[in-house]
Amino acid sequence: MNKSILPLPPPVFLLIGVLAVSFSSILIKWSDAPASILGMYRLLFTVLLFLPFLPWRKMKILFKNSTVKEWLMLAVSGVFLGLHFLFWMESFSHTTVASAMILTALEPVFVVIGAYFLFKEKTSKVGIISILIAVSGSVIIASGDIGLSKTALYGDLLSILGTVAVSVHMLAGQELCRKMPSIIYSFAVFLIGGLVLFVYNVWTHISLTQYESKDWWIFLLLALIPNIFGHALFNWLLNYVGATTISMAILGEPIGAIILAYFLLGEMTTVSQLVGGMIVMISVMIFLKYKAEEPEKVIALQEKSNTS
C-alpha cells in the first residue's frame with residue numbers, strides 16, 4: 001500500500017466516490033433509453049475517457065505475454081460486466097431505487113459462494129451466518145415488493161441477476177487485477193462489456209442513435225460521474241487504503257441512492273425495504289469486517305509459531 005500523503009484525507013475521497021456512484025440510479029431513472037443502450041454507452045464512453053491516460057507500451061507487453069487462460073478470464077469478466085449492466089439497469093424500470101440498490105449489497109455474498117465452488121475457498125461460521133442473515137433481509141425486501149406489484153418483484157429478480165453477474169465479473173478478474181494496472185484491466189473489461197451490449201442491441205434491433213439530447217447527456221454523465229469519479233476513484237484509492245475500507249464505503253451507495261431518490265425522484269421507502277435493507281447492510285458489514293480480520297489472525301498465528 002502506498003504510504004505517500006494524499007492532498008486530502010481519505011474519507012473525503014471516499015465520500016466523493018460514494019456520492020458519485022449513488023447518482024448512477026438517479027441518472028438511469030431520468031433516461032427513457034433502454035437499459036442495454038444506457039449500459040453500452042456508459043461503458044464505451046468510459047473507454048473513450050480512459051484513452052488519453054493508457055500506458056500503451058505496457059499494454060502491448062502485457063497482452064503479448066498473456067496466456068490463453070488469462071485471455072479467457074478477461075473475456076468472461078468483460079462479458080459478465082456487460083450482463084450486469086443489462087440486468088441491473090433494466091431493474092430500475094420495474095422496481096424502486098431502494099430495492100434495486102439494497103439487493104446489490106449482496107455482491108460479497110455471491111462472491112464468497114462462487115469462490116467456494118470455483119477456488120475451494122472456505123469461510124467461517126460467522127461468515128456463513130452473516131450470509132444467511134443477508135439473504136433473509138433480501139427475502140423481506142422481495143416479500144414486501146410482492147405487495148406493491150408483480151412488476152416490482154420482477155425488478156428485484158433482475159437486480160439479483162445483475163448482482164450475480166457482477167460477482168462472476170469480480171471472480172474472473174481477481175487474478176488479472178494482481179497482474180496488470182487497474183486502468184488497463186478496467187479499459188479491457190469495459191470495452192468487452194460495451195461490445196457485448198452493442199451486439200445485443202444490434203441483434204434485438206434496438207436503435208443506437210435515435211435518442212433525445214437529454215439522453216446523450218445522461219450517457220456521458222453515467223460514464224463520467226459513477227464510473228470515473230466513482231469506481232475509478234475507488235481503484236486509485238486502493239493505493240492508499242485497504243480493500244475492505246473501500247468495500248465498507250461502497251455499502252454507503254444504497255443509502256446515498258435512497259436519499260437522492262427521495263429528493264430528486266419523490267420515491268418513498270416502504271417498511272419492508274427499510275427493515276430488509278438494514279438487515280442486509282448490517283450483516284454484510286459484519287461479514288466484511290470479519291473477512292478483514294481473518295488475514296490478521298493468520299499473520300498473528302504465523303508470528304507466534306515462528307517465535308515459539
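- Two rings, from Trp216 and Phe219, have their centers less than 6.0 Å apart.
- Side chain of Ser186 to main chain of Ile183: no donor-acceptor pair is present (N/O by atom type, distance under 3.5 Å, no hydrogens or angles).
- Looking at Lys29, its side chain never comes within 3.5 Å of a backbone N or O of Leu265 through a donor-acceptor pair.
- Remark: the backbone N or O of Phe87 is not paired with any side-chain donor or acceptor of Glu90 at under 3.5 angstrom.
- For the residue pair Gly193 and Leu43, the shortest heavy atom distance occurs at C-CD1, 3.5 Å.
- Considering every non-hydrogen atom in both Phe23 and Leu264, the closest pair reads CE2-CD1, 4.0 Å.
- A donor-acceptor pair under 3.5 Å links the side-chain atoms of His84 to the main chain of Gly162, judged by distance alone.
- A donor-acceptor pair under 3.5 Å is formed between the side chain of Glu267 and the backbone N or O of Val97.
- When side chains are defined from C-beta on, Ile258 counts as touching Ile102, because their heavy atoms get closer than 4.5 Å.
- Under the 4.5 Å side-chain heavy-atom criterion for ILVMFWY residues, no single connected hydrophobic cluster contains both Met73 and Val166.
- The side-chain heavy atoms of Val202 and Leu208, taken from C-beta on, include a pair separated by under 4.5 Å.
- Between Ser31 and Leu27 there is no side-chain heavy-atom pair separated by less than 4.5 Å.
- In this structure, CZ in Phe263 is found 11.5 Å from CD1 in Ile26, a value given to the nearest 0.5 Å.
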Exercise. Should Trp56 and Leu51 be marked as a side-chain contact (heavy atoms from CB on, under 4.5 Å) after you check the CA-CA gap, both sets of side-chain angles, and the distance that decides it?
Worked result: CA-CA 9 Å; Trp56 293 100; Leu51 286 176; 3.8 Å; yes
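- Across all non-hydrogen atoms, the minimal contact from Ser207 to Ile37 is O-CD1, 3.3 Å.
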For this session: Would you please test Leu222 and Asn227 for side-chain contact (heavy atoms from CB on, under 4.5 Å) and show each step?
Result: CA-CA 7 Å; Leu222 279 169; Asn227 276 13; over 6 Å; no
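- Counting all heavy atoms, side chain and backbone alike, Pro34 lies closest to Ile206 at CG-CG2, 3.9 Å.
- A distance of 11.0 Å separates CG of Leu38 from CG of Leu86, quoted to the nearest 0.5 Å.
- With contacts defined as side-chain heavy-atom distances shorter than 4.5 Å, the pair Lys214/Asp32 qualifies.
- Taking CG from Leu153 and CG from Leu158, the interatomic distance works out to 10.0 Å, rounded to the nearest 0.5 Å.
- Contact record, Gly82 with Leu197: O-CD2, 3.6 Å, taken as the closest heavy-atom pair.
- The shortest side-chain heavy-atom distance between Arg42 and Met89 falls under the 4.5 Å cut-off.
- For Asp215 (side chain) and Tyr211 (main-chain N/O), no donor-acceptor pair under 3.5 Å exists by modelled atom type.
- When the shell of 6.0 Å around CE of Met170 is examined, it contains 12 or fewer heavy atoms from other residues, nucleotides or ligands.
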Exercise. When you look at Ile218 and Tyr41, which way does the side-chain contact (heavy atoms from CB on, under 4.5 Å) test go after all the steps?
Worked result: CA-CA 9 Å; Ile218 289 174; Tyr41 282 119; over 6 Å; no
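- Side-chain atoms of Val196 and Phe85, non-hydrogen and from C-beta on, never get closer than 4.5 Å to each other.
- Atom CG of Leu191 and atom CG of Leu48 lie 9.5 Å apart (nearest 0.5 Å).
- Inter-residue side-chain proximity for Ile228 and Thr46 is flagged as met; some heavy-atom pair is nearer than 4.5 Å.
- Of all the heavy atoms in Val76 and Ala172, the pair that sits closest is CG1-CB, 3.9 Å.
- The hydrophobic cluster containing Val189 also contains Phe45, counting ILVMFWY residues as joined when their side-chain heavy atoms lie under 4.5 angstrom apart, directly or transitively.
- Side-chain polar atoms of Ser77 and His169 form a donor-acceptor pair below 3.5 angstrom.
- Note: Leu176 CG to Ser66 OG = 8.0 Å, rounded to the nearest 0.5 Å.
- One hydrophobic cluster holds both Phe92 and Trp30 under the rule that ILVMFWY side chains link at heavy-atom gaps under 4.5 Å.
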Problem set entry | Working for side-chain contact (heavy atoms from CB on, under 4.5 Å), residues Phe63 and Lys58 | CA-CA 9 Å; Phe63 291 144; Lys58 186 177 289 186; over 6 Å; no
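- Tracing side-chain contacts under 4.5 Å through hydrophobic residues (I, L, V, M, F, W, Y), one never reaches Met268 starting from Met278; they form parts of separate clusters.
- Thr95 and Tyr154 form no side-chain donor-acceptor contact under 3.5 Å, judged by distance and modelled atom types alone.
- Aromatic ring pairs are classed by plane angle as parallel below 30°, tilted from 30° to 60° and perpendicular above 60°; the pair Phe190 and Phe50 is parallel.
- Residues Lys179 and Leu62 form no side-chain contact, since every pair of their non-hydrogen atoms from C-beta on lies 4.5 Å or further apart.
- Here OG of Ser22 is found 6.5 Å from CE of Met101. Values are rounded to the nearest 0.5 Å.
- In the hydrophobic cluster analysis, where Ile, Leu, Val, Met, Phe, Trp and Tyr join through side-chain heavy atoms closer than 4.5 angstrom, Val21 is grouped apart from Leu15.
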